[in-house]
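Below is one structure, written out as C-alpha coordinates; the observations come after it.
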Amino acid sequence: MSMRLFELMLWAAGNTLFLSIVSIAIGLAIGLVICAARLSPSAALRWPAVAFISFFRGVPLLVQLLLIYNLLPVLGLMVPSTVAALIGLSLCTAAYQAENLRGGFASVPRGLMEAADMVGLNAWQQFRRIRAPIALRLTLPALVNEAILILKASSLVSVVGVIELTRMAQNLSASTYKPLLFYAVAGGLYLAMNWTLAGAGSLTERLVRTGRA
Amino acid sequence: MNFDFALILAQLPAILSGLRLTVLIWVASTFGGLLLGFLVATVRQFGPGWAGALLRVVVEILRGTPFLVQIFLLYFGGPAIGLRLDPIPAGLIGLTVYGAAYFSEIFRAGFRAIPPGHVEAAECVGLTRRQIVLRILLPEMTMLVLPQCVNMTILLVKETAVLSIITVPEMTMVIGAIGSQQYAFVEAMFLLALFYWLLVEICGWLGRFSERRLSKFRFS
(Lines give C-alpha, C1' and ligand atoms only; values in the text may rest on other atoms or scores of the structure.)
Protein backbone atom coordinates (compact mmCIF):
# COMPACT_ATOMS: atom_id res chain seq x y z
CA MET A 1 0.00 0.00 0.00
CA SER A 2 1.40 3.31 -1.02
CA MET A 3 1.91 6.14 1.43
CA ARG A 4 -0.83 8.13 -0.26
CA LEU A 5 -3.42 5.39 0.29
CA PHE A 6 -2.34 4.92 3.89
CA GLU A 7 -2.82 8.65 4.46
CA LEU A 8 -6.35 8.30 3.12
CA MET A 9 -6.99 5.50 5.63
CA LEU A 10 -5.60 7.64 8.45
CA TRP A 11 -7.82 10.55 7.41
CA ALA A 12 -10.82 8.20 7.45
CA ALA A 13 -9.80 6.91 10.89
CA GLY A 14 -9.83 10.54 12.02
CA ASN A 15 -13.38 10.82 10.73
CA THR A 16 -14.36 7.69 12.67
CA LEU A 17 -12.86 9.25 15.79
CA PHE A 18 -14.70 12.51 15.17
CA LEU A 19 -18.06 10.77 14.70
CA SER A 20 -17.52 8.70 17.86
CA ILE A 21 -16.44 11.57 20.09
CA VAL A 22 -19.24 13.89 18.96
CA SER A 23 -21.91 11.22 19.36
CA ILE A 24 -20.60 10.15 22.77
CA ALA A 25 -20.74 13.77 23.94
CA ILE A 26 -24.23 14.43 22.54
CA GLY A 27 -25.30 11.02 23.81
CA LEU A 28 -24.14 11.88 27.32
CA ALA A 29 -26.19 15.09 27.33
CA ILE A 30 -29.31 13.33 26.00
CA GLY A 31 -28.62 10.38 28.31
CA LEU A 32 -28.65 12.68 31.36
CA VAL A 33 -32.06 14.05 30.34
CA ILE A 34 -33.43 10.55 29.65
CA CYS A 35 -32.04 9.32 32.95
CA ALA A 36 -33.67 12.22 34.80
CA ALA A 37 -36.99 11.42 33.10
CA ARG A 38 -36.54 7.72 33.87
CA LEU A 39 -36.08 8.48 37.59
CA SER A 40 -38.86 11.06 37.71
CA PRO A 41 -41.87 10.39 39.96
CA SER A 42 -44.22 11.43 37.14
CA ALA A 43 -45.37 8.54 34.96
CA ALA A 44 -45.86 10.88 31.99
CA LEU A 45 -42.09 11.47 31.99
CA ARG A 46 -41.05 7.99 33.05
CA TRP A 47 -42.83 5.93 30.39
CA PRO A 48 -41.48 7.77 27.33
CA ALA A 49 -37.99 7.37 28.81
CA VAL A 50 -38.56 3.63 29.32
CA ALA A 51 -39.84 3.31 25.74
CA PHE A 52 -36.86 5.28 24.38
CA ILE A 53 -34.35 3.10 26.24
CA SER A 54 -36.12 -0.11 25.27
CA PHE A 55 -36.30 0.86 21.59
CA PHE A 56 -32.74 2.04 21.14
CA ARG A 57 -31.28 -0.87 23.10
CA GLY A 58 -33.52 -3.50 21.53
CA VAL A 59 -33.17 -2.67 17.84
CA PRO A 60 -29.95 -3.22 15.84
CA LEU A 61 -28.06 0.02 15.24
CA LEU A 62 -28.00 -0.76 11.52
CA VAL A 63 -31.81 -0.75 11.44
CA GLN A 64 -31.90 2.47 13.49
CA LEU A 65 -29.52 4.14 11.07
CA LEU A 66 -31.45 3.01 7.99
CA LEU A 67 -34.68 4.15 9.63
CA ILE A 68 -33.38 7.60 10.58
CA TYR A 69 -31.59 8.08 7.25
CA ASN A 70 -34.80 7.34 5.34
CA LEU A 71 -37.22 8.93 7.78
CA LEU A 72 -35.61 12.39 7.83
CA PRO A 73 -36.41 13.21 4.17
CA VAL A 74 -40.00 11.97 4.70
CA LEU A 75 -40.27 14.43 7.58
CA GLY A 76 -39.01 17.15 5.24
CA LEU A 77 -35.50 17.36 6.73
CA MET A 78 -32.85 17.23 4.05
CA VAL A 79 -29.59 16.77 5.93
CA PRO A 80 -26.21 15.37 4.87
CA SER A 81 -25.67 11.70 5.66
CA THR A 82 -23.07 12.60 8.29
CA VAL A 83 -25.76 14.41 10.26
CA ALA A 84 -28.15 11.47 9.97
CA ALA A 85 -25.35 9.19 11.14
CA LEU A 86 -24.58 11.44 14.11
CA ILE A 87 -28.27 11.54 15.09
CA GLY A 88 -28.46 7.74 14.93
CA LEU A 89 -25.26 7.11 16.88
CA SER A 90 -26.10 9.76 19.51
CA LEU A 91 -29.62 8.48 20.18
CA CYS A 92 -28.41 4.90 20.41
CA THR A 93 -25.59 5.65 22.84
CA ALA A 94 -27.89 7.99 24.82
CA ALA A 95 -30.10 5.00 25.68
CA TYR A 96 -27.13 3.00 26.98
CA GLN A 97 -25.62 5.95 28.82
CA ALA A 98 -28.97 6.74 30.47
CA GLU A 99 -28.98 3.23 31.93
CA ASN A 100 -25.35 3.54 33.05
CA LEU A 101 -26.12 6.85 34.73
CA ARG A 102 -29.16 5.33 36.42
CA GLY A 103 -26.85 2.72 37.91
CA GLY A 104 -24.47 5.49 38.99
CA PHE A 105 -27.18 7.53 40.70
CA ALA A 106 -28.49 4.39 42.41
CA SER A 107 -25.08 3.73 43.95
CA VAL A 108 -24.72 7.14 45.59
CA PRO A 109 -24.62 6.26 49.31
CA ARG A 110 -27.86 7.17 51.10
CA GLY A 111 -25.97 8.46 54.13
CA LEU A 112 -24.39 11.19 52.03
CA MET A 113 -27.79 12.50 51.01
CA GLU A 114 -29.00 12.42 54.62
CA ALA A 115 -25.93 14.35 55.64
CA ALA A 116 -26.63 16.87 52.87
CA ASP A 117 -30.19 17.23 54.18
CA MET A 118 -28.85 17.80 57.68
CA VAL A 119 -26.56 20.64 56.66
CA GLY A 120 -29.52 22.24 54.86
CA LEU A 121 -28.67 21.87 51.16
CA ASN A 122 -31.75 22.18 48.95
CA ALA A 123 -32.64 19.59 46.28
CA TRP A 124 -30.84 21.41 43.45
CA GLN A 125 -27.70 21.95 45.53
CA GLN A 126 -27.76 18.29 46.55
CA PHE A 127 -27.98 17.27 42.91
CA ARG A 128 -25.32 19.66 41.65
CA ARG A 129 -22.82 19.30 44.46
CA ILE A 130 -23.23 15.74 45.62
CA ARG A 131 -25.33 13.35 43.54
CA ALA A 132 -24.23 14.38 40.05
CA PRO A 133 -20.46 14.49 40.73
CA ILE A 134 -20.50 11.14 42.52
CA ALA A 135 -22.72 9.45 39.93
CA LEU A 136 -20.59 10.79 37.06
CA ARG A 137 -17.44 9.56 38.75
CA LEU A 138 -18.98 6.13 39.28
CA THR A 139 -20.02 5.91 35.62
CA LEU A 140 -16.67 7.05 34.16
CA PRO A 141 -15.40 3.49 33.52
CA ALA A 142 -18.73 2.60 31.86
CA LEU A 143 -18.41 5.74 29.74
CA VAL A 144 -15.03 4.60 28.43
CA ASN A 145 -16.52 1.19 27.61
CA GLU A 146 -19.36 2.89 25.80
CA ALA A 147 -16.86 4.98 23.83
CA ILE A 148 -15.11 1.79 22.68
CA LEU A 149 -18.44 0.25 21.69
CA ILE A 150 -19.46 3.35 19.74
CA LEU A 151 -16.09 3.53 18.00
CA LYS A 152 -16.72 0.02 16.68
CA ALA A 153 -20.42 0.59 16.02
CA SER A 154 -19.63 3.69 13.98
CA SER A 155 -18.42 1.34 11.24
CA LEU A 156 -22.11 0.80 10.42
CA VAL A 157 -22.58 4.38 9.23
CA SER A 158 -20.58 3.31 6.16
CA VAL A 159 -23.89 1.80 5.02
CA VAL A 160 -25.57 5.20 4.75
CA GLY A 161 -22.64 6.53 2.74
CA VAL A 162 -20.54 8.34 5.34
CA ILE A 163 -16.86 8.10 4.43
CA GLU A 164 -15.29 6.81 7.63
CA LEU A 165 -12.68 4.12 8.16
CA THR A 166 -14.78 1.12 7.07
CA ARG A 167 -16.21 2.88 4.02
CA MET A 168 -12.74 4.05 2.99
CA ALA A 169 -11.44 0.48 3.27
CA GLN A 170 -14.39 -0.64 1.15
CA ASN A 171 -13.74 2.00 -1.51
CA LEU A 172 -10.00 1.35 -1.68
CA SER A 173 -10.60 -2.43 -1.79
CA ALA A 174 -12.92 -1.97 -4.73
CA SER A 175 -10.51 0.24 -6.66
CA THR A 176 -7.32 -1.74 -5.97
CA TYR A 177 -8.71 -5.31 -5.75
CA LYS A 178 -6.88 -5.81 -2.45
CA PRO A 179 -9.67 -6.34 0.09
CA LEU A 180 -7.52 -8.43 2.44
CA LEU A 181 -4.97 -5.66 2.80
CA PHE A 182 -7.35 -2.75 3.30
CA TYR A 183 -9.71 -4.49 5.72
CA ALA A 184 -6.70 -5.72 7.72
CA VAL A 185 -5.32 -2.17 7.87
CA ALA A 186 -8.75 -0.86 8.89
CA GLY A 187 -8.90 -3.52 11.61
CA GLY A 188 -5.43 -2.51 12.80
CA LEU A 189 -6.41 1.15 13.00
CA TYR A 190 -9.58 0.30 14.97
CA LEU A 191 -7.45 -1.79 17.33
CA ALA A 192 -4.97 1.03 17.83
CA MET A 193 -7.75 3.51 18.65
CA ASN A 194 -9.51 1.06 20.97
CA TRP A 195 -6.37 0.11 22.84
CA THR A 196 -5.60 3.79 23.36
CA LEU A 197 -9.12 4.30 24.71
CA ALA A 198 -8.88 1.21 26.91
CA GLY A 199 -5.57 2.50 28.29
CA ALA A 200 -7.19 5.83 29.08
CA GLY A 201 -10.02 3.85 30.65
CA SER A 202 -7.86 1.89 33.06
CA LEU A 203 -6.08 5.11 33.96
CA THR A 204 -9.37 6.85 34.84
CA GLU A 205 -10.47 3.78 36.77
CA ARG A 206 -7.29 3.95 38.82
CA LEU A 207 -7.77 7.68 39.39
CA VAL A 208 -11.39 7.08 40.43
CA ARG A 209 -10.38 4.34 42.86
CA THR A 210 -7.76 6.51 44.48
CA GLY A 211 -10.22 9.40 44.54
CA ARG A 212 -8.32 11.77 42.28
CA ALA A 213 -10.83 12.11 39.44
CA MET B 1 -46.80 11.55 5.16
CA ASN B 2 -48.99 8.46 5.15
CA PHE B 3 -47.74 5.09 6.19
CA ASP B 4 -49.00 1.98 4.46
CA PHE B 5 -47.92 -1.18 6.19
CA ALA B 6 -50.29 -3.33 4.08
CA LEU B 7 -47.87 -3.01 1.12
CA ILE B 8 -45.21 -4.78 3.14
CA LEU B 9 -47.38 -7.26 4.98
CA ALA B 10 -48.64 -8.51 1.60
CA GLN B 11 -45.23 -10.19 1.26
CA LEU B 12 -45.67 -12.28 4.39
CA PRO B 13 -44.10 -15.55 3.12
CA ALA B 14 -40.86 -13.77 2.19
CA ILE B 15 -40.83 -11.95 5.54
CA LEU B 16 -41.29 -15.23 7.40
CA SER B 17 -38.41 -16.86 5.49
CA GLY B 18 -36.17 -13.93 6.45
CA LEU B 19 -37.29 -14.18 10.06
CA ARG B 20 -36.61 -17.92 10.03
CA LEU B 21 -33.07 -17.44 8.73
CA THR B 22 -32.39 -14.72 11.31
CA VAL B 23 -33.52 -17.02 14.13
CA LEU B 24 -31.60 -19.99 12.69
CA ILE B 25 -28.35 -18.03 12.36
CA TRP B 26 -28.89 -16.53 15.80
CA VAL B 27 -29.46 -19.88 17.54
CA ALA B 28 -26.64 -21.64 15.65
CA SER B 29 -24.08 -18.90 16.31
CA THR B 30 -25.11 -18.62 19.97
CA PHE B 31 -24.63 -22.34 20.60
CA GLY B 32 -21.50 -22.48 18.45
CA GLY B 33 -20.14 -19.39 20.20
CA LEU B 34 -20.89 -20.78 23.67
CA LEU B 35 -19.14 -24.05 22.86
CA LEU B 36 -16.13 -22.48 21.17
CA GLY B 37 -15.94 -19.78 23.83
CA PHE B 38 -15.92 -22.35 26.62
CA LEU B 39 -13.18 -24.25 24.83
CA VAL B 40 -11.09 -21.09 24.40
CA ALA B 41 -11.58 -20.10 28.05
CA THR B 42 -10.60 -23.61 29.20
CA VAL B 43 -7.45 -23.65 27.08
CA ARG B 44 -6.49 -20.17 28.27
CA GLN B 45 -7.06 -21.18 31.88
CA PHE B 46 -5.60 -24.69 31.94
CA GLY B 47 -3.87 -25.27 28.59
CA PRO B 48 -0.22 -24.76 27.58
CA GLY B 49 1.13 -21.23 27.85
CA TRP B 50 1.80 -20.68 24.15
CA ALA B 51 -1.79 -21.64 23.22
CA GLY B 52 -3.14 -19.30 25.87
CA ALA B 53 -0.99 -16.42 24.60
CA LEU B 54 -2.04 -17.04 21.01
CA LEU B 55 -5.72 -17.19 21.90
CA ARG B 56 -5.38 -14.04 23.95
CA VAL B 57 -4.17 -12.13 20.90
CA VAL B 58 -6.97 -13.54 18.74
CA VAL B 59 -9.62 -12.66 21.32
CA GLU B 60 -8.23 -9.13 21.72
CA ILE B 61 -8.34 -8.59 17.96
CA LEU B 62 -11.88 -9.92 17.68
CA ARG B 63 -13.08 -7.74 20.56
CA GLY B 64 -11.24 -4.65 19.40
CA THR B 65 -12.45 -4.48 15.80
CA PRO B 66 -15.98 -3.90 14.43
CA PHE B 67 -17.93 -7.01 13.45
CA LEU B 68 -18.58 -5.41 10.05
CA VAL B 69 -14.84 -5.21 9.31
CA GLN B 70 -14.37 -8.82 10.41
CA ILE B 71 -17.13 -10.05 8.15
CA PHE B 72 -15.77 -8.01 5.22
CA LEU B 73 -12.32 -9.47 5.86
CA LEU B 74 -13.73 -13.00 5.85
CA TYR B 75 -16.12 -12.62 2.92
CA PHE B 76 -14.22 -10.29 0.58
CA GLY B 77 -10.67 -10.87 1.83
CA GLY B 78 -10.98 -14.66 2.18
CA PRO B 79 -10.82 -15.45 -1.57
CA ALA B 80 -7.33 -13.85 -1.74
CA ILE B 81 -6.04 -16.72 0.44
CA GLY B 82 -8.24 -19.35 -1.22
CA LEU B 83 -11.10 -19.17 1.28
CA ARG B 84 -14.19 -18.84 -0.88
CA LEU B 85 -17.43 -18.84 1.14
CA ASP B 86 -21.08 -18.29 0.28
CA PRO B 87 -22.80 -15.51 2.25
CA ILE B 88 -24.66 -17.78 4.70
CA PRO B 89 -21.68 -19.95 5.74
CA ALA B 90 -19.48 -16.84 5.90
CA GLY B 91 -22.04 -15.13 8.12
CA LEU B 92 -22.42 -18.18 10.35
CA ILE B 93 -18.67 -18.65 10.78
CA GLY B 94 -18.07 -14.93 11.31
CA LEU B 95 -20.80 -14.53 13.91
CA THR B 96 -19.87 -17.73 15.76
CA VAL B 97 -16.21 -16.75 16.04
CA TYR B 98 -17.15 -13.18 17.04
CA GLY B 99 -19.53 -14.49 19.71
CA ALA B 100 -16.97 -17.02 20.94
CA ALA B 101 -14.47 -14.23 21.68
CA TYR B 102 -16.94 -12.50 24.01
CA PHE B 103 -18.30 -15.72 25.53
CA SER B 104 -14.74 -16.87 26.31
CA GLU B 105 -14.13 -13.71 28.36
CA ILE B 106 -17.39 -14.29 30.26
CA PHE B 107 -16.36 -17.88 31.02
CA ARG B 108 -12.88 -16.81 32.08
CA ALA B 109 -14.35 -14.38 34.58
CA GLY B 110 -16.62 -17.23 35.72
CA PHE B 111 -13.64 -19.54 36.28
CA ARG B 112 -11.95 -16.91 38.37
CA ALA B 113 -15.07 -16.33 40.48
CA ILE B 114 -15.24 -19.91 41.72
CA PRO B 115 -13.59 -20.32 45.13
CA PRO B 116 -10.21 -22.05 44.70
CA GLY B 117 -11.15 -24.32 47.61
CA HIS B 118 -13.66 -26.10 45.40
CA VAL B 119 -10.98 -26.99 42.87
CA GLU B 120 -8.54 -28.00 45.61
CA ALA B 121 -11.16 -30.23 47.18
CA ALA B 122 -11.83 -31.86 43.82
CA GLU B 123 -8.10 -32.41 43.33
CA CYS B 124 -7.90 -33.95 46.81
CA VAL B 125 -10.54 -36.55 46.05
CA GLY B 126 -8.61 -37.44 42.90
CA LEU B 127 -10.68 -35.92 40.09
CA THR B 128 -8.83 -35.47 36.82
CA ARG B 129 -8.48 -32.00 35.31
CA ARG B 130 -11.15 -32.82 32.73
CA GLN B 131 -13.53 -34.01 35.44
CA ILE B 132 -12.88 -30.86 37.45
CA VAL B 133 -13.78 -28.67 34.48
CA LEU B 134 -16.88 -30.60 33.44
CA ARG B 135 -18.25 -31.63 36.85
CA ILE B 136 -17.23 -28.83 39.20
CA LEU B 137 -16.40 -25.63 37.30
CA LEU B 138 -19.01 -25.79 34.52
CA PRO B 139 -22.05 -26.49 36.75
CA GLU B 140 -21.01 -23.97 39.39
CA MET B 141 -20.28 -21.36 36.79
CA THR B 142 -23.55 -21.67 34.91
CA MET B 143 -25.48 -19.60 37.42
CA LEU B 144 -22.72 -16.99 37.67
CA VAL B 145 -22.36 -16.38 33.95
CA LEU B 146 -26.00 -16.73 32.95
CA PRO B 147 -26.95 -13.02 33.05
CA GLN B 148 -23.97 -12.02 30.92
CA CYS B 149 -24.52 -14.88 28.50
CA VAL B 150 -28.10 -13.66 28.05
CA ASN B 151 -26.78 -10.15 27.35
CA MET B 152 -24.36 -11.51 24.78
CA THR B 153 -27.10 -13.57 23.15
CA ILE B 154 -29.16 -10.38 22.82
CA LEU B 155 -26.16 -8.64 21.26
CA LEU B 156 -25.80 -11.48 18.77
CA VAL B 157 -29.39 -11.22 17.53
CA LYS B 158 -28.73 -7.57 16.79
CA GLU B 159 -25.45 -8.36 15.03
CA THR B 160 -27.25 -10.74 12.64
CA ALA B 161 -28.65 -7.60 10.97
CA VAL B 162 -25.11 -6.72 9.83
CA LEU B 163 -25.05 -9.89 7.72
CA SER B 164 -27.54 -8.27 5.35
CA ILE B 165 -24.60 -6.19 4.09
CA ILE B 166 -22.90 -9.30 2.67
CA THR B 167 -26.29 -10.34 1.16
CA VAL B 168 -27.31 -13.02 3.64
CA PRO B 169 -31.08 -13.18 2.99
CA GLU B 170 -32.05 -12.69 6.64
CA MET B 171 -34.73 -10.41 8.03
CA THR B 172 -33.02 -7.04 7.43
CA MET B 173 -32.15 -7.85 3.84
CA VAL B 174 -35.54 -9.36 2.97
CA ILE B 175 -37.66 -6.64 4.57
CA GLY B 176 -35.33 -3.92 3.27
CA ALA B 177 -35.67 -5.27 -0.26
CA ILE B 178 -39.46 -5.42 0.02
CA GLY B 179 -39.47 -1.86 1.34
CA SER B 180 -37.46 -0.61 -1.65
CA GLN B 181 -39.58 -2.47 -4.19
CA GLN B 182 -42.82 -1.17 -2.69
CA TYR B 183 -41.47 2.36 -2.16
CA ALA B 184 -42.22 1.95 1.54
CA PHE B 185 -38.75 1.80 3.05
CA VAL B 186 -39.58 3.71 6.25
CA GLU B 187 -42.56 1.46 6.98
CA ALA B 188 -40.36 -1.57 6.30
CA MET B 189 -37.73 -0.36 8.76
CA PHE B 190 -40.37 0.31 11.43
CA LEU B 191 -41.69 -3.22 11.01
CA LEU B 192 -38.15 -4.59 11.12
CA ALA B 193 -37.40 -2.63 14.31
CA LEU B 194 -40.56 -4.09 15.84
CA PHE B 195 -39.48 -7.66 14.96
CA TYR B 196 -36.02 -7.21 16.48
CA TRP B 197 -37.45 -5.52 19.55
CA LEU B 198 -39.80 -8.49 20.06
CA LEU B 199 -36.94 -11.00 19.64
CA VAL B 200 -34.82 -9.10 22.15
CA GLU B 201 -37.67 -8.79 24.66
CA ILE B 202 -38.45 -12.52 24.35
CA CYS B 203 -34.79 -13.35 24.85
CA GLY B 204 -34.53 -11.08 27.89
CA TRP B 205 -37.69 -12.60 29.34
CA LEU B 206 -36.38 -16.16 28.81
CA GLY B 207 -33.13 -15.13 30.47
CA ARG B 208 -34.88 -13.75 33.55
CA PHE B 209 -37.08 -16.84 33.68
CA SER B 210 -34.13 -19.25 33.60
CA GLU B 211 -32.25 -17.14 36.13
CA ARG B 212 -35.17 -17.54 38.52
CA ARG B 213 -35.42 -21.27 37.86
CA LEU B 214 -31.68 -21.84 38.27
CA SER B 215 -31.20 -19.59 41.28
CA LYS B 216 -31.57 -22.56 43.64
CA PHE B 217 -28.23 -23.84 42.33
CA ARG B 218 -26.37 -20.71 43.34
CA PHE B 219 -23.49 -21.67 45.63
CA SER B 220 -22.61 -18.33 47.13
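In what follows, chains carry the letters A, B, and so on, assigned in the order in which the sequence lines appear, proteins first and then strands, with residues in each chain numbered from 1. Just so it is clear, the values below take in all heavy atoms, side chains as well, and ignore hydrogens, waters and symmetry mates.
Contact of L199(B) with chain A is not made at all, since no heavy-atom distance falls under 4.5 Å. For V200(B), the part sitting under 4.5 Å from any heavy atom of chain A is the side chain, from C-beta outward, and nothing else. Residue L62(A) touches chain B through its side chain alone, counting heavy-atom pairs closer than 4.5 Å. For a residue to count as touching a neighbouring chain, one of its non-hydrogen atoms must lie under 4.5 Å from one of that chain's; by this rule T160(B) does not touch chain A. Using a 4.5 Å cut-off between heavy atoms, E201(B) contacts chain A through its side chain alone, with no backbone atom that close. For F190(B), the parts lying under 4.5 angstrom from a heavy atom of chain A are both the backbone and the side chain. For Q64(A), no part sits under 4.5 Å from any heavy atom of chain B, backbone or side chain. At a 4.5 Å heavy-atom cutoff, the contact between F55(A) and chain B is made by backbone and side-chain atoms alike. Proximity to chain A (any heavy atom under 4.5 Å) is restricted, for I165(B), to the side chain, taken from C-beta onward. At a 4.5 Å heavy-atom cutoff, the contact between F76(B) and chain A is made by backbone and side-chain atoms alike.
Rounding to the nearest 0.5 Å gives a distance of 10.5 Å between CE of M189(B) and CD of E187(B). The distance from the OH atom of Y98(B) to the CG atom of L68(B) is 11.0 Å, given to the nearest 0.5 Å. Going from atom OH of Y102(B) over to atom CG of L156(B) covers 10.0 Å, rounded to the nearest 0.5 Å.
Ranked by heavy-atom pairs under 4.5 Å with chain B, the list L165(A), I148(A), L66(A) is led by L66(A). Put simply, of S158(A), A198(A), P60(A), G76(A), the one with the most heavy-atom pairs under 4.5 Å next to chain B is P60(A).
Taking the ring centroids of F111(B) and F107(B), they lie at or beyond the 6.0 Å cut-off.
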